[in-house]
Amino acid sequence: MTLDFAGLDPCVHCGFCLQSCPTFVVTGDEADSPRGRIVLMQQMVRGELEPTDRQLITHLDRCLGCRACEPACPSGVAYGDALEAARQRLSTVRPVPLPARIVHAIMGERALRRPALALARLVRPVATRLAGSSTLGFAMGMLAATRPLGNGRDRRERLQNQSPANPSDLANTAVVFTGCIMEGLFAHVHAATARVLRANGFDVVEVPDQACCGALHAHAGQHDAAVQLARLNVAAFAEVPNAVVAVNSAGCGAMIKNYGRTLAGDPAAQALAGRTHDVTEVLASRGPRAGARLPLRVAYDPPCHLQHAQRVVDAPQAVLAAIPELRRVHHAESDLCCGSAGSYSLTQSHLSRAILDRKISALGNATPDVVISGNPGCAMQIGAGLLAAGKNIPVMHPVELLDRSYERAGYYQAG
């Protein structure tokens with residue numbers, strides 16, 4: 001078996017992965033489970049199945065790539081890397097679905113992305129009224145879920161001249177990874193991220209010429225495009241070689257942390273991967289600083305690429321714990337994917353919605369005031385699902401809630 005697929009070798013087909021897999025839970029089809037897909041990939045590598053085999057393509061395309069099977073596996077199967085390698089091989093014999101190709105092309109090219117997302121922002125004020133369960137209504141719901149809430153506007157504020165929790169760390173520098181969707185539709189989250197980092201003693205600097213992280217392309221098998229975008233980011237962040245790279249998008253964080261594999265043999269890529277952390281990890285390294293009370297019921301829905309790919313579990317909880325009187329409520333589907341998975345909701349819309357419906361039902365039973373998630377795709381998918389179900393429950397990033405708590409505590413003043 002080749003190196004790309006060697007990570008599948010430890011699989012003993014025990015079945016521990018089955019109930020961790022959202023597609024198997026919904027369809028009950030063994031071929032839609034990690035164990036079944038591993039058999040299909042191994043058959044392809046051995047030449048027993050051609051990459052053009054319809055069943056092979058169908059069941060690998062149905063995989064969300066959420067990687068929930070990896071922490072569930074007692075044998076340490078590296079499923080995610082093998083899935084990307086398999087999809088790369090499939091892309092040589094059949095094109096990536098057209099809707100995904102269009103989205104990937106726009107997100108990967110700044111000259112296309114910026115006007116497209118600017119247009120989306122113009123539509124956003126009416127999106128909530130058009131949200132619903134139809135295809136168009138769900139798309140409008142996804143757009144509505146990106147809107148800033150209340151005091152979450154992209155304000156220009158400065159930190160008050162007061163000592164942070166650890167004054168000796170003021171010299172530490174952090175850079176916020178801007179990304180594509182986050183830059184275009186979640187600028188308010190970037191602004192909140194910068195504010196809470198400064199409130200915890202970081203000097204936040206900007207890095208121009210950042211690109212899309214390439215995760216959408218890598219997950220779809222568009223390896224060359226992912227490599228090109230990774231190189232652009234490695235070059236951009238080389239301008240601040242000692243800065244911590246704080247990422248507020250779980251999918252982007254997982255991708256950048258894997259740049260050492262994407263750009264194998266490039267020490268600069270490995271170095272960037274090593275200093276990249278989810279923003280909650282960065283904040284948890286400082287405590288983080290406690291804010292003012294927010295008496296809210298919140299349901300934390302961990303993004304798959306934070307919990308399963310990056311194995312970041314405790315840091316988001318530490319961020320929420322810095323907010324007094326915040327009550328965290330559990331829901332039964334918190335460990336399973338929401339069905340977003342990059343462009344999956346475009347290419348596998350029926351299955352995506354079936355997976356999401358389980359989560360929306362569980363969230364409805366938990367009755368939170370706010371749903372918390374640290375990934376734009378998850379926020380859009382869950383937000384649209386809640387609106388389609390008639391539930392007026394906002395979805396926010398953990399740093400947005402901490403930012404609101406800090407504002408109440410008086411840590412900011414208008415600039």
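Computed from a predicted structure; not experimentally measured. As a basis for the values below, the full set of heavy atoms in this structure was taken, side chains included, without hydrogen atoms, waters or symmetry mates.
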Expected output: side-chain Glu281 to main-chain Val312 donor-acceptor under 3.5 Å: no
Report, one line per pair, each donor and acceptor closer than 3.5 Å where one atom sits in a side chain of residues 236-253; sequence neighbours left out.
residue: Asn248; atom: ND2; partner: His190; partner atom: ND1; Å: 3.0
residue: Asn248; atom: ND2; partner: Thr193; partner atom: OG1; Å: 3.0
residue: Ser249; atom: OG; partner: Asn375; partner atom: OD1; Å: 3.3

side-chain contact (heavy atoms from CB on, under 4.5 Å) between Val227 and Arg231, intermediate numbers included: CA-CA 6 Å; Val227 166; Arg231 285 177 176 153; 3.6 Å; yes
Exercise: identify the closest heavy-atom pair between Ala273 and Ile256: CB-O, 3.4 Å
pair Ile323-Leu296: side-chain heavy atoms closer than 4.5 Å: no
Spatial distance of atom CG (Asp29) from atom OG1 (Thr58) [nearest 0.5 Å]: 10.5 Å
Pairing residues for Arg87 by the side chain to side chain donor-acceptor pair (under 3.5 Å) criterion, not counting sequence neighbours: none
Distance in Å, Phe138 CZ paired with Ser345 OG, rounded so as to fall on 0.5 Å steps: 7.0 Å
Derivation and outcome, side-chain contact (heavy atoms from CB on, under 4.5 Å), residues Asp209 and Leu232: CA-CA 8 Å; Asp209 302 322; Leu232 290 173; over 6 Å; no
Minimum side-chain heavy-atom gap Leu40-Met44 below 4.5 Å: no
Side chain to side chain donor-acceptor pair (under 3.5 Å) partners for Gln55, two or more places apart: His59
Over all atoms of both residues, closest heavy-atom pair of Arg67 and His308: O-CB, 3.4 Å
Ring pair (Phe, Tyr, Trp, His ring centres under 6.0 Å) partners of residues 373-407, not counting sequence neighbours, each pair once: Tyr406-Tyr411
Asn258 CG to Gln310 CD distance, which is reported to the nearest 0.5 Å: 10.5 Å
Axial cation check for Phe5 ring with Arg89, 6.0 Å and 45° limits: no
Spatial distance of atom CZ (Arg328) from atom OH (Tyr300) [nearest 0.5 Å]: 11.0 Å
Minimum heavy-atom distance between Ala230 and Thr262, given as atom pair plus value: CB-CG2, 4.3 Å
Ser343 (side chain) donor-acceptor with Leu346 (main chain) under 3.5 angstrom: no
Minimum side-chain heavy-atom gap Thr347-Asp61 below 4.5 Å: no
Taking every non-hydrogen atom, the tightest pair across Ile181 and Pro376: CG2-CB, 3.9 Å
Minimum side-chain heavy-atom gap Cys66-Pro22 below 4.5 Å: yes
Heavy-atom pair of closest approach, residues Ser373 and Pro398: O-CD, 3.8 Å
Any side-chain heavy-atom pair of Arg286 and Asn172 under 4.5 Å: yes
Cys213 backbone acceptor or donor facing Tyr259 side chain under 3.5 Å: yes
Donor-acceptor contact below 3.5 Å, side chain Arg147 vs main chain Ala144: yes
CG on Leu64 to SG on Cys69, rounded to 0.5 Å: 10.5 Å
Glu407 and Arg195: CA distance, side-chain angles, deciding distance, side-chain contact (heavy atoms from CB on, under 4.5 Å) verdict: CA-CA 10 Å; Glu407 183 176 46; Arg195 288 191 292 268; over 6 Å; no
Greater than 12 external heavy atoms within 6.0 Å of Glu206's CD: no
Heavy-atom side-chain contact between Pro302 and Ser334 under 4.5 Å: yes
Donor-acceptor pair, side chain of Arg297 and main chain of Thr367, under 3.5 angstrom: yes
Donor-acceptor contact below 3.5 Å, side chain Arg289 vs main chain Asn200: no
Nearest atoms (heavy-atom pairs only) where Ala299 meets His331: CB-CD2, 4.2 Å
Asp53: salt bridge (charged side-chain N to carboxylate O under 4.0 Å, His left out) partners, not counting sequence neighbours: none
Any donor-acceptor N/O pair, Asn233 side chain to Ala211 backbone, under 3.5 Å: yes
Check: Cys338 main-chain N/O paired with Gln381 side-chain donor or acceptor under 3.5 Å: yes
Ion pair Arg198/Asp203, N-O distance below 4.0 Å: no
Test applied, side chain to side chain contact (heavy atoms under 4.5 Å, CB included); reference residue, Leu363; option that passes from Val395, Ile393, Val371: Val371
Spacing of Leu18 atom CG and Glu30 atom CD [to the nearest 0.5 Å]: 6.0 Å
Beyond-backbone contact of Asp335 with Gln307, side-chain heavy atoms, under 4.5 angstrom: yes
Over 12 non-hydrogen atoms of neighbours within 6.0 angstrom of CG in Asn365: yes
Within-4.5 Å side-chain heavy-atom neighbours: Arg37 and Leu8: no
Summary of side chain to side chain donor-acceptor pair (under 3.5 Å) pairs that have at least one residue in residues 112-125, sequence neighbours excluded: Arg114-Glu183, Arg124-Thr146
Stepwise side-chain contact (heavy atoms from CB on, under 4.5 Å) test for Glu400 and Val370: CA-CA 11 Å; Glu400 286 187 273; Val370 181; over 6 Å; no
Side chain Ser352, main chain Tyr344, donor-acceptor under 3.5 Å: no
Side chain Ser361, main chain Arg358, donor-acceptor under 3.5 Å: no
